[in-house]
Amino acid sequence: MTLLDVRELSVLLPARSGQAVPVVEGVSFEVRSGSVTGLIGESGSGKTMTAMAVLGLLPEEASCSGELWWAGEDMLAATPARRRAVRGHEISMIFQDPLAALNPSQTIGRQVSEILRRGGASRSEALASAQALLERVGVPDPGRRARQYPHQLSGGLRQRAMIALALAGEPRLLLADEPTTALDVTVQSRVLRLLARLREESGLAMLFVSHDLRVIAHVADEVVVMYAGRVAESGPAREVFRAPHHPYTRALLASVPSVRAKSVPAEPLPGTPANPFDRPPGCPFHPRCPIARQVCTQERPEVRSLTTGRRTACHFAKEGS
Ligand code: SF4
């Protein structure tokens with residue numbers, strides 16, 4: 001079942017000149033119940049702005065068009081109160097910095113149990129459930145940890161506490177924006193294993209935003225590769241990583257040593273990401289593309305389907321390339 005259906009979503013922000021510029025343009029994807037969709041791209045690719053549009057947390061000066069359906073409900077037509085109700089109950093968020101999400105002046109147990117109490121639990125029931133939830137997300141000695149404040153926990157434990165907080169409202173979708181970027185590799189892989197387990201146990205769907213291809217390869221069923229605010233390529237993660245159709249996806253993959261054969265050295269991505277406020281004409285990737293031709297500098301490639309479930313925006317993408 002499709003939980004989140006994003007169709008031709010665009011987000012415009014005013015440039016210094018005052019002109020509205022699309023920083024996200026024509027982006028479409030779905031998140032199905034129990035599955036993980038990964039949004040990947042370099043900084044400025046529009047992935048975080050897309051996630052903010054899904055949450056209804058765009059900056060005041062932004063305008064948004066297209067369609068955003070949540071469980072069959074038109075979110076762009078919903079009232080601010082309804083969007084707030086969906087956000088935080090049906091959709092929860094975890095971010096890179098747990099300190100920004102956790103209240104520094106309340107113990108972890110209190111923060112989690114307050115959410116549980118909204119469901120009608122008594123104070124003692126909610127505290128017991130909060131401790132059980134902390135244990136479920138792998139916080140050792142949850143009784144003691146529940147009495148601690150965020151600054152008293154390590155980075156990995158804070159991340160787990162934030163995940164417990166996000167799960168307390170029993171959301172159907174977890175939106176994770178670079179949730180493991182600030183963690184060291186060992187803690188990162190523990191948190192990723194935890195998220196995979198939670199998904200298996202509770203059928204939680206996730207929209208996972210990351211610049212890190214290895215992380216997305218680890219968690220995602222479907223992947224959306226973004227470049228300069230647009231979709232470069234999308235499809236089942238395994239197929240996209242095995243046989244990318246778009247030169248940008250190929251370059252991203254080539255830049256990551258661990259997702260290639262060990263004998264092949266990593267190749268850094270050439271050039272710098274396109275600035276969405278100053279996109280080159282034609283294909284925005286053409287200044288960095290190794291196979292760009294004349295047409296690429298003049299005509300923007302539309303997103304098209306090459307094979308079932310896969311879409312690519314490249315004049316020269318071919319099936320199996
Ligand atoms: Fe490269 Fe041209 Fe394809 Fe853009 S359209 S990715 S420049 S080949």
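On a predicted model such as this, the values are computed, not experimentally measured, just so you know. Just so you know, ligand 1 is whichever comes first in the structure, and atom 1 is the first atom listed for that ligand.
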- Go through Arg300 and Glu25 one step at a time and tell me if the salt bridge (charged side-chain N to carboxylate O under 4.0 Å, His left out) criterion holds. CA-CA 12 Å; Arg300 186 175 111 183; Glu25 197 174 9; 3.3 Å; yes
Report task. Spell out the protein N/O/S atoms under 2.8 Å from atom 3 (Fe) of ligand 1 as residue plus atom name. Result ->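 Listed by chain and number: Cys314 SG.
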Practice item. Test Arg32 against Glu30 for salt bridge (charged side-chain N to carboxylate O under 4.0 Å, His left out), laying out the working first. Key: CA-CA 6 Å; Arg32 288 193 292 277; Glu30 291 180 357; 3.7 Å; yes
ask   = Would Glu233 and Thr249 count as having a side-chain donor-acceptor pair, cut-off 3.5 Å?
value =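 Looking only at side-chain atoms, Thr249 and Glu233 do form a donor-acceptor pair, the distance falling under 3.5 Å.
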Do Glu42 and Tyr248 have a side chain donor and acceptor closer than 3.5 Å?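 A donor-acceptor contact under 3.5 Å links the two side chains.
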Check: With a 4.5 Å heavy-atom cut-off, do Val11 and Thr50 have their side chains touching?
Finding: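 Answer no - side chains too far apart.
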| message | Which heavy atom of Leu76 sits nearest to which heavy atom of Cys64, and what is that distance? | response |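 For Leu76 and Cys64, the tightest heavy-atom pair comes out as CD2-SG, 4.0 Å.
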